[in-house]
Amino acid sequence: MADSAGGQMPPGMHAMFITGQAMAQGFFDTLARQHAALLDSSGAATPRLPMPEAETLAMIQKAYAEKHAVLWSSMLARESGTAVEAVVAPEPGDKRFAAPEWSASPLFDYLHQAYLLNAGLLREVAEAMPIADGRARSRLQFLTRQYTDALAPSNFAATNPEFIKTALETKGESINRGIRNLLADLEKGRISMTDDAAFEVGRNLALTPGAVIFENELIQLIQYAPLTDKVAQKPLLIVPPCINKFYVMDLQAENSLVRFIAEQGFSVFLVSWKNPRPDSGGHFTWDDYLDKGPLAALEVVRAVTRVEKPNTLGFCVGGTLLASALGVARARGEEPVSSLTLMTTLLDFSEAGELGCLVDEASLAAREAAIGKGGVLKGQELANVFSFLRANDLVWQYVVGNYLKGGTPPAFDLLYWNSDPTNLPGPFLVWYLRNMYLENNLRIPGKLKMLGQKVDLGKLDMPAYLMAAREDHIVPWKGAYLGRGLLGGETTFVLGASGHIAGAINPASKNRRSFWTADVDAADPDEWLGAAVEHKGSWWLHWIEWLRARSGRKIAARGRLGSTKYEPIEPAPGRYVKERA
C-alpha cells in the first residue's frame with residue numbers, strides 16, 4: 001500500500017492500518033445488527049440498509065481516511081528527522097497515553113493515534129445512526145464507548161510501552177506482581193481501586209461523634225452530637241441513597257458534609273440503611289422503604305427535638321425516596337417539613353442519562369421474573385454497572401496499573417467507599433426501575449399510589465434547594481433541573497462543577513471548583529444556564545446560608561442525645577453501615 005507521499009508503507013504499519021479498518025468495519029456490522037434488532041423489537045420493519053444515510057456515512061469515512069493519510073505522512077516525516085505535531089489528541093481528561101513512552105517511539109505514537117482516530121470514527125457513526133428512539137440511540141452510544149474503551153492499546157501488554165518499560169526495569173518482577181494482583185482480585189471478585197487495609201468504617205471513616213437512637217428492619221437513625229454551644233432551632237434530617245453507604249457524606253474530618261453542617265450550628269440526624277440479605281431482606285418493597293425510612297425517621301426527629309417541621313436533605317435516590325415520602329405525608333393532610341434540599345436527585349426521569357438507556361422492557365421483565373417477588377440484586381453487580389459508566393477511570397485504569405504494571409493503588413477514602421457496595425431488595429428495585437426510569441410516573445400527579453396515597457409532588461410547597469453537578473453522568477444536571485417544574489413551592493437551583501460525587505462532596509474547607517446560580521425560574525435548563533453567574537468555591541457555603549435562613553432562632557444545644565423514649569443504642573456510625581454486601 002502506497003502512502004500519500006509515494007512511499008511504500010512498511011508491513012508492520014500496513015498491518016496496523018488494516019487492523020484499524022477492520023475494527024471499524026466490524027463495528028459497522030455490529031451497529032447494523034444492533035439497529036436491526038432495535039427496530040425488530042419495536043415492531044417496525046427492518047430497513048434494507050440499517051446504517052446512517054449514505055451521504056453522512058460517506059463524509060465520515062472520507063474524513064477518517066484523510067486523517068489516516070495525514071497520520072502516516074507525519075510518521076514518515078518523523079522518521080526523516082522532521083519534528084511533527086500530533087494529528088489527533090486525546091480528549092481532555094484522558095490520561096491513557098500521557099506517559100512519554102507513547103510519543104517517544106514512532107511505533108507506539110502511530111499506534112495510539114491510529115486508535116484515537118478509529119475510536120472517533122466509531123463514535124461519529126454511532127451518533128449518526130438514524131434512530132428516532134432516544135433511549136435506543138443512547139444505548140448504542142453507550143455500547144460504542146464500551147467497545148472502544150476495551151480495545152485501547154493501553155489495555156494490552158503487547159501494545160503498551162509502559163508495560164514493556166516497567167517489565168524491563170524490574171527484570172520481570174512487575175509481571176509477577178501483576179499476576180499476583182490479578183489472582184487476589186479474582187478471589188475478591190472485584191478490581192482493587194485502593195488499599196483496602198488503609199481504611200475502616202468507625203476507625204478512620206465516619207468519625208463524626210453521635211449515637212444511633214432508633215433502629216428497625218431497614219434503618220438506623222443517627223443523631224450527631226452538637227459541635228457548637230448553640231444550634232438552630234430546626235434540626236436537619238439527611239436521607240442518603242440506599243444504593244450506597246451513607247459515609248460518603250462523612251468520610252474524614254476535612255471532607256465530611258455531616259461534620260460541616262454540625263460545625264455550622266445545626267442539629268443533624270441521618271438515616272443509615274441496612275444492607276439487605278437474601279434470607280432476611282429480599283422482600284422489602286418501595287413502600288417499605290418509605291414507611292420504615294424517611295417517614296419513620298421524621299417521627300423520631302420530631303419526638304426528640306419537639307420540632308414539628310424539621311428541615312430535610314435527600315441525596316441521589318435518597319432524594320427521590322424523601323420527596324416521595326413527603327408526597328405521602330401531604331396526601332395524608334400533613335405539613336411534614338420546613339424545607340427540602342435535593343442533591344443530585346431525579347424527580348422527572350425524562351433525562352436519566354446512561355442508567356436510563358440501560359433499562360428497557362426486556363431486561364426489566366427478566367429482573368421482575370428473577371427477583372421481583374423476592375431476592376436481592378448483589379451489591380457487586382450494581383457496583384460494576386456504575387464502574388462501567390466511567391470505564392476508563394474506574395476499570396481500565398486499574399487493569400493497566402494493577403495487572404500490567406504490577407502496581408498497588410494508593411489509599412483513597414472515596415474509592416474505598418466506592419468499593420463497599422450494598423445489596424438491593426428485588427421488589428424495591430424492580431418497582432423503582434419500572435415506575436421511575438422506564439415509565440417516568442412520579443412526574444404525573446396522582447399516577448403513583450404509595451402507602452395507599454396518590455402522590456402529587458406539586459403539593460410539596462415548602463422551600464426547596466436543588467443542587468446538581470455539571471458533569472454528572474448518573475444524574476444529568478438538566479434532568480435534575482426538571483424537578484423545579486414538579487415541586488409546588490419556591491425553588492432555588494444551584495449547579496456545581498465536576499461529577500456526581502466530586503461535585504456534591506466539595507468540602508468548604510478546601511473551597512475548590514465553582515458553582516453557578518441564577519435569579520431566574522426558567523422552564524428550560526439551557527435558558528437558566530445562560531443567565532447563571534459563576535462563583536468560585538464550594539456550593540456548601542451558599543447552601544448553608546440558605547438553610548440557616550429557614551432554621552429558626554438559635555437555642556442552647558441539647559446536653560444529651562436521644563430522649564427518654566429513644567435512648568442511645570450504640571455509638572455512631574452504628575452496625576448497619578459496617579455490614580458488607
Side-chain angles (χ1 to χ4, degrees), residues 201-216 219-240 246-247 249-274 292-315 318 322 335-341 507-509 540-541 543-578:
V201 177
R203 175 173 63 84
N204 56 0
L205 297 175
L207 296 183
T208 302
V212 174
I213 62 170
F214 169 80
E215 66 182 36
N216 59 29
I219 71 164
Q220 287 189 319
L221 181 65
I222 300 171
Q223 181 183 8
Y224 289 96
L227 299 180
T228 54
D229 293 334
K230 290 191 174 184
V231 296
Q233 181 184 20
K234 296 180 182 180
L236 175 71
L237 171 65
I238 299 175
V239 182
F246 82 80
Y247 65 90
M249 308 180 80
D250 186 28
L251 288 165
Q252 300 184 75
E254 64 273 13
N255 58 357
S256 168
L257 177 57
V258 169
R259 179 179 286 272
F260 168 76
I261 299 169
E263 288 175 342
Q264 296 298 310
F266 291 87
S267 298
V268 183
F269 296 78
L270 180 142
V271 169
S272 173
W273 298 99
K274 188 173 179 62
K292 301 176 187 295
L295 292 176
L298 278 169
E299 182 179 341
V300 176
V301 172
R302 293 188 189 106
V304 169
T305 64
R306 299 181 182 178
V307 174
E308 285 301 310
K309 296 172 64 176
N311 292 305
T312 54
L313 182 154
F315 183 15
L322 175 59
E335 294 187 8
V337 299
S338 287
S339 74
L340 170 64
T341 296
S509 59
W540 290 9
L541 298 171
W543 168 73
I544 205 71
E545 294 306 319
W546 180 92
L547 183 66
R548 200 185 310 278
R550 291 156 182 81
S551 298
R553 60 187 176 86
K554 287 188 176 182
I555 60 174
R558 293 170 56 86
R560 57 166 293 181
L561 300 179
S563 65
T564 304
K565 184 178 179 180
Y566 297 105
E567 293 284 353
I569 298 171
E570 61 181 330
R575 304 185 315 280
Y576 285 9
V577 73
K578 296 179 182 180

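Only heavy atoms go into these numbers, but all of them, side chains included; no hydrogens, no water, no symmetry mates. The structure displayed is predicted, hence computed values, not measured ones.
- Side chain of S563 to main chain of V304: no donor-acceptor pair is present (N/O by atom type, distance under 3.5 Å, no hydrogens or angles).
- In plain terms, the two heavy atoms of K234 and S338 that are nearest each other are NZ-OG, 3.0 Å.
- With hydrogens and angles ignored, the 3.5 Å screen pairs no side-chain donor or acceptor of E254 with any backbone N or O of S509.
- Scanning both residues, I569 and I213, for their nearest heavy atoms gives CD1-C, 4.1 Å.
- Heavy atoms of other residues, nucleotides or ligands lying less than 6.0 angstrom from CD of E299 number 12 at most.
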- request: Any chance you could lay out the side chain to side chain contact (heavy atoms under 4.5 Å, CB included) test for M249 and L313, step after step, and finish with the verdict?
  value: CA-CA 12 Å; M249 308 180 80; L313 182 154; 3.9 Å; yes
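- Here the shortest heavy-atom pairing between P294 and L237 reads O-CD2, 4.3 Å.
- Contact of the F260 side chain with the L541 side chain is registered, since non-hydrogen atoms from C-beta on lie closer than 4.5 Å.
- For the pair W273 (side chain) and P240 (backbone), a donor-acceptor distance under 3.5 Å is present.
- The minimum heavy-atom distance between L561 and P226, with the atom names listed, is CD2-CD, 4.3 Å.
- Side chain of N255 to backbone of Q252: a donor-acceptor contact under 3.5 angstrom is found.
- In this structure, CG on L295 lies 9.0 Å from CG on L322, to the nearest 0.5 angstrom.
- R203 CZ: more than 12 foreign heavy atoms inside a 6.0 Å radius.
- Scanning both residues, F246 and V271, for their nearest heavy atoms gives CB-O, 4.1 Å.
- Once rounded to the nearest 0.5 Å, the distance linking CH2 of W543 with CG of L257 reads 6.0 Å.
- In this structure, the side chain of T312 engages the main chain of S339 through a donor-acceptor pair within 3.5 Å.
- A donor-acceptor pair shorter than 3.5 Å cannot be found between the side chains of N311 and T341.
- Between Y566 and F214, the two ring planes are perpendicular [angle over 60°; tilted spans 30° to 60°].
- Within 6.0 Å of the CD atom in E567, the count of heavy atoms belonging to other residues, nucleotides or ligands exceeds 12.
- Side chains of F269 and V300 form no contact here, defined as non-hydrogen atoms less than 4.5 Å apart.
- In this structure a side-chain-to-backbone donor-acceptor pair under 3.5 Å is present from N216 to K292.
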- request: Test I222 against V258 for side chain to side chain contact (heavy atoms under 4.5 Å, CB included), laying out the working first.
  value: CA-CA 11 Å; I222 300 171; V258 169; over 6 Å; no
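- In this structure, the side chains of P573 and K578 come closer than 4.5 Å at one or more pairs of heavy atoms.
- Using a 4.0 Å cut-off between a side-chain N of Lys or Arg and a carboxylate O of Asp or Glu, R548 and E545 qualify as a salt bridge.
- For the pair L340 and W546, the tightest heavy-atom approach, listed with the atom from each and the gap, is O-CH2, 4.0 Å.
- Between atom CZ of residue R553 and atom OG of residue S551 there is a gap of 13.0 Å, rounded to the nearest 0.5 Å.
- A donor-acceptor pair is defined here as one N or O able to donate and one able to accept, closer than 3.5 Å; such a pair exists between the side chain of R302 and the backbone of P336.
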message: What verdict does the side chain to side chain contact (heavy atoms under 4.5 Å, CB included) test give for L236 and Y224, after you've listed the backbone C-alpha separation in whole Å, the side-chain angles of each residue and the deciding distance to 0.1 Å?
response: CA-CA 11 Å; L236 175 71; Y224 289 96; over 6 Å; no
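- The backbone N or O of G562 lies less than 3.5 Å from a partner atom in the side chain of Q223, making a donor-acceptor pair.
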